[in-house]
2 protein chains.
Amino acid sequence: MGLVTAVESYSDSQVEMSKLAKAIAHPARIAILQLLTVNDCTCNEIVQQLPLAQSTVSQHLKELKKVNLIDGLEIPPRTIYVLNHEVYAKLQSVLNKFFNIS
Amino acid sequence: MGLVTAVESYSDSQVEMSKLAKAIAHPARIAILQLLTVNDCTCNEIVQQLPLAQSTVSQHLKELKKVNLIDGLEIPPRTIYVLNHEVYAKLQSVLNKFFNIS
DNA sequence: ATCAATTATCGTAATATTGCTATGAATATT
DNA sequence: AATATTCATAGCAATATTACGATAATTGAT
């Protein structure tokens, strides 16, 4: 990623925004979010919709969880993945704020 | 990135959106876009505002140009970088469309 | 008690990203 | 003509990302 000192010289909102952007910077993760927009899904249900191995999907879900765009309801042996509408809306508003400056 | 076959199984809009997201998935590139929102800038002017070497900034500019978020007006030995408001607005609308589905 | 189903994680490989220094190419200045 | 300015690119190193198969861990079913 780079030096720690470099990160410190960007504003919080710049760093936060770049992290959220990175979270949706892969078509699989966009596809996952779109699926979750329609229905809550287990990992397997997502695997069936994507051309990826289960472990890979699990990894992408982890990335989305890391920025709180989704939550995982653990009901073993399943985990039901759910959109975090709050953060989802926040990302929208952050992006809007950014683009409306122009 | 991965296999060519994998990319083909995502929709055009998913791929396009992920590419645009990737373009803004770094705080330096967000900072650059914000600078260009206020003023057209040469590479050097941007270098003076960021904690990065000239070559690194040049590379980030290249990334932004790749997705047409900015244009470079070459007036040697300078290049004046300018926001591409059209694509900028398009990214905004693409994101809005995406998020409003929820 | 076994076995199947589900998911997370580990280990690994291939590739991409990010950053730098050094350098080349083009133009302007002295 | 020599020098300075500006920018892009090449070359390189460190790290991150993306993908897979294999494997645990957990629960449900037989």
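Just the heavy atoms: all of them, side chains too, but no hydrogens, waters or symmetry mates, feed the values below. Each chain gets a letter, A, B and so on, in the order the sequences are listed, and its residues count up from 1.
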So, does the side chain of Ser58(A) form a donor-acceptor pair with the base of dT9(C) at under 3.5 Å?
-> no

Side-chain contact check for Ala53(B): nearest option of dC20(C), dA5(C), dA19(D) is dC20(C)

Between His60(A) and dA19(D), does any side-chain N or O lie under 4.0 Å from OP1 or OP2?
-> yes

What residue among Leu36(B), Asp40(B), Asn84(B) forms side chain to side chain contact (heavy atoms under 4.5 Å, CB included) with Ile70(B)?
-> Leu36(B)

Among the nucleotides dT7(C), dG19(C), dC20(D), whichever has the atom closest to the side chain of Cys43(A) is dT7(C)

Closer than 4.0 Å, any side-chain N/O of Asn44(B) to the OP1 or OP2 of dC7(D)?
-> yes

Looking at the side chain of Gln54(A), which of dT6(D), dA8(C), dT18(C) is the nearest nucleotide?
-> dA8(C)

Toward the 5' end of DNA chain C, which comes first, Lys65(A) or Ala25(B), by nearest nucleotide?
-> Lys65(A)

dA8(D) base to Gln59(B) side chain: any donor-acceptor pair below 3.5 Å?
-> no

First of Pro77(A) and Ala28(A) reached from the 5' end of DNA chain D, by closest nucleotide | Ala28(A)

Heavy-atom pair of closest approach, residues Gln54(B) and Cys43(B) = NE2-SG, 4.0 Å

Any side-chain N or O of Tyr81(B) less than 4.0 Å from the OP1 or OP2 oxygen of dA8(D)?
-> yes

Side chain of Lys22(B) (C-beta onward), nearest among dA19(D), dA16(C), dT5(D) | dA16(C)

Are OP1 or OP2 of dC7(D) and a side-chain N or O of Thr42(B) less than 4.0 angstrom apart?
-> yes

Taking for Lys66(B) and for Thr56(B) the nucleotide of DNA chain C with the nearest heavy atom, the one nearer the 5' end belongs to Lys66(B)

For dT18(D), does either OP1 or OP2 sit under 4.0 Å from a side-chain N or O belonging to Arg29(A)?
-> yes

Can you name the side chain to side chain donor-acceptor pair (under 3.5 Å) partners of Ser13(A), sequence neighbours left out?
-> Ser11(A)

Using only side-chain N and O atoms of Thr79(B), determine if any of them is under 4.0 Å from OP1 or OP2 of dA8(D).
-> yes

Listed nucleotide nearest any side-chain atom of Pro76(A), set dG19(C), dT26(D), dA8(D) | dT26(D)

